[in-house]
**Student:** 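Take a look at this one; I'll ask things after.
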Amino acid sequence: MYENQVEGIFNKILIGTNIFLNRDVLRHDYIPEILPHRDEQINRLAGILAPALNHSKISNIFIYGKTGTGKTAVSKFVLSALENKAREVEPLLKISYINCRLTGTNYRVLADICRSLGIEVPFTGLAVGELFNRILKFLNQQKCSLVVVLDEIDALVRKDEDNNLLYELTRINENLNSNWVGLICVSNDLHFKEFLDARILSCLSEEEVVFKPYLANELYDILLIRVKEAFHNDVIDFSSLKLCAALAAGEHGDARRALDLLRVAGELAEREGIEKVKEDHIRLAQKKIEHDRVSEALSSLPLHSKIVIVVTFLLNNFMPKEGVITGNIFEIYKELCKSIELEPLTQRRVSGLINELDLLGILNARVVSFGRFGRTKKIRLGVSPRTVLDVLSEDEVVGGLFQYIPKCLPKRR
DNA sequence: CCTCCACTGGAAACCTAGGCTC
DNA sequence: GAGCCTAGGTTTCCAGTGGAGG
């Protein structure tokens, strides 16, 4: 009899509920067949890449635009079309797609390129130059050309200050014979050019394609197409869709955000057992996405950062008026570490952790000067204390620390 | 105008854990 | 197994600093 019950649940999923027809259509990595309001960019990109089919080297391309403006979708769309065409026409063309923010370091970018070419490499241990040589050797042996897409390249440039990797990549063609390597750099950050060496920049941006944020009516068109594939008929009405587009347009025209809103709103309605997505669902979805983002960020922090958050939380409760400074945090932090028999980090490091948390928006830290009484950072929580308590009290190690009463409460200032 | 606090934040060295080549 | 490479986190050291109080 249980079998029947369970089968019922499975079947429900298989058949689909009365809301979603195909949820995947709303995922970030879904590449639709039609990309509204991006004809200009698609044509530009295709025009620049076309010479590849003729064995000619393509110009390096720089693509700018904020998150959710269609950069990734358009480039993947055009490149997969290129790849298909190249297979028909003969020239050996490989495409490596690298997300620099996920990849993180020079070494791993090269390692990823290697893997996408089918060269096995260890995840650490080799000199960067060695990886370079292996790629060169492979390309020369196979007589094949390569297009590398470096998505979110700003993340990489900030870490690698001399831009060694980019410099080497721009010069790689000097060591190739008739084949070539073309670079497509994609950046979210419009000011990031300033970090680049002028020579590298001029080499990388032989062509530039700019993606402007979507306007509310453009987002609406995008949503309209997806809605037909993602939802059953009449699940979402005109006004909810308008609201969705308007909210996302407020967030610098982010299509990704608009699709998230739609998906989460659908899930909320589904859970309520209602067969219509209403405006309230969209508004709730907005809140839920924000809450989930914070929870996710909090729970995935390293241990010492979590402790720093707990300390800030506690001090915020015990002395809400005074404002918490680095010295306070470090004192209590040491107490907490002792209470769970953990070796504390140095003050320098904790100060660094506070900066990292500030960057994530979990803490707000501001440098202030108390004149005679020194210069330090004033720190407060950047997210609601409720969320901190909810998320971190579930934590095995840190959860118990919320009961702690600081021994030496800092003096008033 | 000078002092001096309580740090800030840069730089470099160090450590661990992996892996290569010879 | 020595001697080299990698990443990533941390410690050590220290010059620099905004501004209240003398």
Side-chain angles (χ1 to χ4, degrees), chain A residues 98-115 117 119-138 150 152-153 155-169 195 297 300-309 311-312 315 319 322-338 340-360 362-380 382 397-398 406 408-413:
Chain A
I98 315 284
N99 184 315
C100 300
R101 191 171 46 82
L102 298 179
T103 313
T105 64
N106 283 350
Y107 181 88
R108 284 196 280 197
V109 167
L110 286 174
D112 270 12
I113 297 177
C114 284
R115 277 181 217 120
L117 293 173
I119 312 170
E120 281 297 317
V121 284
F123 70 91
T124 173
L126 288 180
V128 168
E130 172 61 23
L131 291 186
F132 235 90
N133 290 336
R134 290 192 188 184
I135 295 173
L136 270 176
K137 197 173 151 201
F138 177 90
L150 298 167
E152 304 198 48
I153 192 173
L156 186 70
V157 170
R158 247 172 244 127
K159 284 188 182 167
D160 171 28
E161 299 211 343
D162 325 323
N163 314 139
N164 274 327
L165 177 71
L166 287 178
Y167 182 65
E168 294 295 333
L169 277 174
F195 293 95
S300 60
L301 287 174
L303 177 59
H304 287 280
S305 301
K306 283 183 185 168
I307 300 177
V308 170
I309 306 271
V311 174
T312 318
L315 287 177
M319 37 181 286
E322 293 86 338
V324 184
I325 61 167
T326 309
N328 305 154
I329 293 205
F330 186 61
E331 279 309 308
I332 312 295
Y333 161 83
K334 276 192 294 187
E335 284 181 26
L336 286 190
C337 282
K338 205 174 165 194
I340 54 172
E341 291 174 357
L342 185 74
E343 196 62 32
L345 301 171
T346 55
Q347 177 154 353
R348 175 71 187 85
R349 182 64 190 132
V350 170
S351 172
L353 289 181
I354 291 171
N355 284 345
E356 286 168 26
L357 291 168
D358 179 45
L359 230 53
L360 288 174
I362 298 175
L363 292 183
N364 285 323
R366 191 165 47 96
V367 178
V368 288
S369 176
F370 296 109
R372 253 278 108 151
F373 308 103
R375 198 166 160 266
T376 179
K377 276 199 286 265
K378 230 181 186 172
I379 297 139
R380 56 196 174 80
V397 187
V398 168
C408 55
L409 272 177
K411 290 172 229 86
R412 288 179 164 270
R413 220 180 255 292

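Computed over heavy atoms, backbone and side chain alike; hydrogens, waters and symmetry mates excluded.
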**Student:** Check the pair A:His304, A:Leu342 against side chain to side chain contact (heavy atoms under 4.5 Å, CB included), reporting the backbone distance first and the verdict last.
**Tutor:** CA-CA 10 Å; A:His304 287 280; A:Leu342 185 74; 3.5 Å; yes
**Student:** To the nearest 0.5 Å, tell me how far A:Thr376 OG1 sits from A:Asn328 CG.
**Tutor:** 8.0 Å
**Student:** Quick one: A:Tyr333 OH to B:dC7 P, roughly how many Å, whole number?
**Tutor:** 16 Å
**Student:** B:dT3, B:dT8, C:dT12: which one has an atom nearest the side-chain heavy atoms of A:Arg372?
**Tutor:** B:dT3
**Student:** Let me know the distance between CD of A:Glu356 and P of B:dG9, rounded to the nearest Å.
**Tutor:**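 One finds 13 Å between P of B:dG9 and CD of A:Glu356, rounded.
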**Student:** Can a side chain N or O of A:Ser351 be found less than 4.0 Å away from OP1 or OP2 on B:dT8?
**Tutor:**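 Checking B:dT8 against A:Ser351, a side-chain N or O does come within under 4.0 Å of OP1 or OP2.
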**Student:** B:dT21, C:dG19, B:dT3: which one has an atom nearest the side-chain heavy atoms of A:Ser369?
**Tutor:** C:dG19
**Student:** Check the pair A:Ile309, A:Val398 against side chain to side chain contact (heavy atoms under 4.5 Å, CB included), reporting the backbone distance first and the verdict last.
**Tutor:** CA-CA 10 Å; A:Ile309 306 271; A:Val398 168; over 6 Å; no
**Student:** For the side chain of A:Thr346, counting heavy atoms from C-beta on, which of B:dT8, C:dA7, C:dT12 is nearest?
**Tutor:** C:dT12
**Student:** In whole angstrom, what separates A:Asn133's CG from B:dT21's C1'?
**Tutor:** 14 Å
**Student:** Just how far, in rounded Å, is P of C:dT12 from CD of A:Gln347?
**Tutor:**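 Rounded to whole Å, this separation is 13 Å.
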**Student:** Nearest to the side chain of A:Arg348, heavy atoms from C-beta on, is which of C:dC13, C:dA20, C:dG18?
**Tutor:** C:dC13
**Student:** Check whether any side-chain N or O of A:Thr326 sits under 4.0 Å from OP1 or OP2 of B:dT8, and answer yes or no.
**Tutor:** yes
**Student:** Hey, does the side chain of A:Lys377 come within less than 4.0 Å of B:dA6's phosphate (OP1/OP2), counting only N and O?
**Tutor:**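 Answer is no, no contact under 4.0 Å.
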**Student:** Please report the distance, rounded to the nearest Å, between NE2 in A:His304 and C1' in C:dG8.
**Tutor:** 15 Å
**Student:** With heavy-atom distances below 4.5 Å as the criterion, would you say the side chains of A:Ile379 and A:Asn364 are in contact?
**Tutor:**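 A:Ile379 does not reach A:Asn364 side chain to side chain.
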**Student:** Among C:dT11, B:dC7, B:dT21, find the nucleotide with the atom closest to the side chain of A:Arg134.
**Tutor:** B:dT21
**Student:** Check whether any side-chain N or O of A:Asn355 sits under 4.0 Å from OP1 or OP2 of B:dT8, and answer yes or no.
**Tutor:**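 No, outside the criterion.
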**Student:** Want to settle it: does A:Gly371 or A:Ile379 sit nearer the 5' end of DNA chain B, counting the closest nucleotide to each?
**Tutor:**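 Counting from the 5' end, the first nearest nucleotide belongs to A:Gly371.
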**Student:** Send over the distance from A:Arg349 CZ to C:dG9 C1', rounded to a whole Å.
**Tutor:**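 One finds 6 Å between C1' of C:dG9 and CZ of A:Arg349, rounded.
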**Student:** A:Phe370 has an atom CZ; how far is it from atom C1' of C:dA20, in whole Å?
**Tutor:**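 Spelled out: CZ on A:Phe370 to C1' on C:dA20 is 12 Å.
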**Student:** Which one, B:dT8, C:dG9, C:dT6, comes nearest to the side chain of A:Tyr107?
**Tutor:** C:dT6
**Student:** Looking at OG1 of A:Thr312 and CD1 of A:Ile307, how far apart are the two atoms once the value is rounded to the nearest 0.5 Å?
**Tutor:** 11.5 Å
**Student:** Rounded to the Å, how far apart are A:Leu353 CG and B:dC7 C1'?
**Tutor:** 16 Å
